[in-house]
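To keep things clear, I will list the structure first and then write my remarks on it.
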Amino acid sequence: MTWSRFHFLCREMNEHLQTSESPSVAFEHASRCEAVHWYGPASKKRSLQFKLEERLKNTASREKALIATSTYGALDFSEPIKALDKTKRAHTYLSYVTGIYLLASTVYMTKVIPAFMAMYENLNFPVSDDMAWYVDHWNAITATIALVLCFSILSSHTMKRISCLAIEPARSLLFRLLMPSKIKASYQQLLSLMNYPIDYDESDNELYRYLNQFIHNPGRRHQEITAILSREKQVLQRRLEAYTTLLLTISGVVIIYSIYCFINSAYQPLFTLSSVS
């Protein structure tokens, strides 16, 4: 479902509410409007649009539903939180490099290292410190890379869902465990703002109290909501980009260091052979 359809349903529902219909009946009439298909497909379950629709439909007070639908109908939530395309491509590239490294290092450890060890023993040469260190720590290096990559992939997936407004904080374990506090705060503030037209009478919310100053001035209230909403989306996007850059940097450093250790270890036998000759 697009936000255009949601806003249209709110405008249509508001007209039916003004004829003394209950919120549930008004919503059903709005949903059956012949023109609704011009505004996009129906909402998917678990989407934010669907949840807001359900809340509007189940609003106990007609007066409250009138205020909510009037506000939603005048707003535009369609401004997207831009996808992190560049960092997504970088993350994909790192994943490929990591896969190649893990494959090459596994072949090296299982096929090449035994032959090198036999060569060192036949030549009565001590194993180099760099090679011995890599062999001893290969399991730990591989596990670290796997953990960093998994963490990065799961975090990227979670951030993608955040940018689509598809996460419910209370039900998402990944959101609570993987996201920094600043991203969580921005996202929850954004959701709070988008729920304001329904929850406007909550007195313990500072933002709601500010917007309620304009409860009798709908035009001004719509302007303030739009301005704050745009800013909150920009703040959230910047924080998502910064966190993605941090994850890519950490992943890149770990992978590059691992590749360096692998190459350094692999070339040690060549140095040994050159010294013998």
Side-chain angles (χ1 to χ4, degrees), residues 1-7 9-10 40-59 68 71-72 75-92 94-95 147-200 202 204-208 211 225-251:
M1 173 186 175
T2 63
W3 283 111
S4 296
R5 182 184 177 111
F6 171 75
H7 295 307
L9 286 174
C10 289
S43 60
K44 296 180 180 179
K45 288 187 176 180
R46 301 180 66 181
S47 68
L48 179 57
Q49 296 98 324
F50 180 81
K51 293 170 185 173
L52 291 175
E53 284 181 18
E54 290 295 300
R55 295 197 65 195
L56 287 171
K57 182 169 62 175
N58 297 318
T59 303
T71 305
Y72 279 129
L75 296 174
D76 182 7
F77 288 168
S78 61
E79 180 186 0
I81 300 173
K82 296 179 182 178
L84 311 176
D85 292 333
K86 292 182 179 179
T87 50
K88 181 180 179 181
R89 287 195 294 271
H91 189 273
T92 301
L94 279 178
S95 298
L147 287 173
V148 169
L149 190 62
C150 286
F151 184 89
S152 183
I153 290 173
L154 290 174
S155 296
S156 296
H157 173 71
T158 303
M159 286 188 284
K160 181 180 178 181
R161 295 194 64 211
I162 287 174
S163 67
C164 296
L165 303 175
I167 281 186
E168 191 171 347
R171 295 186 178 181
S172 175
L173 182 62
L174 292 179
F175 177 82
R176 297 197 301 271
L177 293 180
L178 302 182
M179 294 296 102
S181 58
K182 288 186 177 181
I183 289 180
K184 288 189 283 190
S186 287
Y187 185 65
Q188 289 172 329
Q189 178 79 327
L190 184 60
L191 292 184
S192 177
L193 182 59
M194 297 177 80
N195 277 277
Y196 164 75
I198 301 174
D199 297 330
Y200 68 90
E202 290 187 2
D204 59 343
N205 188 303
E206 182 181 359
L207 177 60
Y208 289 7
L211 293 173
I225 293 174
T226 299
I228 297 172
L229 183 68
S230 179
R231 178 187 176 278
E232 289 298 330
K233 285 186 175 181
Q234 292 172 7
V235 170
L236 178 58
Q237 182 174 322
R238 287 197 298 270
R239 289 176 175 177
L240 289 173
E241 289 173 347
Y243 188 50
T244 302
T245 300
L246 176 63
L247 289 176
L248 287 173
T249 301
I250 293 173
S251 301

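Using a 4.5 Å heavy-atom cutoff, the side chains of Tyr200 and Leu211 are not in contact. Under the 4.5 Å side-chain criterion, counting only non-hydrogen atoms from C-beta, Asp199 is not in contact with Asn205. For the pair Tyr208/Asn195, a side-chain contact is recorded, criterion being any heavy-atom separation below 4.5 Å from C-beta on. Side-chain contact check for Leu75 versus Trp3: every heavy-atom pair is 4.5 Å or farther apart.
Taking every heavy atom of both residues into account, Tyr187 and Ala166 meet most closely at OH-N, 3.7 Å. For the pair Ser163 and Ile81, the tightest heavy-atom approach, listed with the atom from each and the gap, is O-CB, 3.7 Å. Closest approach of Leu52 to Phe6, counting heavy atoms only: CB-CE1, 3.7 Å. Closest of all the heavy-atom pairs between Ile183 and Met179 is CG2-SD, 4.1 Å. For the pair Ser186 and Glu232, the tightest heavy-atom approach, listed with the atom from each and the gap, is O-OE1, 4.3 Å.
Applying the salt bridge (charged side-chain N to carboxylate O under 4.0 Å, His left out) test between Glu168 and each of Arg176, Arg46, Lys51 identifies Lys51 as the sole match.
The aromatic ring centres of Tyr72 and His7 sit 6.0 Å or more apart.
A distance of 11.5 Å separates NZ of Lys184 from CD1 of Ile167, quoted to the nearest 0.5 Å. Considering CG of Leu165 and CZ of Phe77, their distance stands at 9.5 Å, rounded to 0.5 Å. Rounding to the nearest 0.5 Å gives a distance of 10.5 Å between NZ of Lys160 and OG of Ser156. Separation of atoms NZ (Lys233) and CG (Leu193) is listed at 9.5 Å; rounding is to 0.5 Å. If you take OG1 on Thr244 and CZ on Arg239, they are separated by 14.0 Å, rounding to the nearest 0.5 Å. Rounded to the nearest 0.5 angstrom, Ile198 CD1 and Leu56 CG are separated by 4.0 Å.
Judged purely by atom type and a 3.5 angstrom limit, Ser152 has no side-chain atom pairing as donor or acceptor with the backbone of Val148. Remark: the backbone N or O of Ala227 is not paired with any side-chain donor or acceptor of Ser230 at under 3.5 angstrom. Formation of a donor-acceptor pair under 3.5 Å by the Ser192 side chain with backbone atoms of Gln188 is not found in this model.
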Intermediate values then yes/no, side-chain hydrogen bond (donor to acceptor under 3.5 Å, both in side chains), Thr226 and Asp76: CA-CA 8 Å; Thr226 299; Asp76 182 7; over 6 Å; no
Verdict with supporting geometry, Leu207 and Gln189, side chain to side chain contact (heavy atoms under 4.5 Å, CB included): CA-CA 9 Å; Leu207 177 60; Gln189 178 79 327; 4.2 Å; yes
Worked check of side chain to side chain contact (heavy atoms under 4.5 Å, CB included) between Leu48 and Leu191: CA-CA 9 Å; Leu48 179 57; Leu191 292 184; 4.0 Å; yes
Pair Gln234-Leu229, side chain to side chain contact (heavy atoms under 4.5 Å, CB included): steps then yes or no: CA-CA 9 Å; Gln234 292 172 7; Leu229 183 68; over 6 Å; no
Working for side chain to side chain contact (heavy atoms under 4.5 Å, CB included), residues Glu53 and Ser43: CA-CA 9 Å; Glu53 284 181 18; Ser43 60; 3.5 Å; yes
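With sequence neighbours left out, Glu79 forms a salt bridge (Lys or Arg N to Asp or Glu O under 4.0 Å) with no residue at all.
Salt-bridge annotation for Glu54 and Lys57: present, with a side-chain N of the basic residue lying under 4.0 Å from a carboxylate O of the acidic one.
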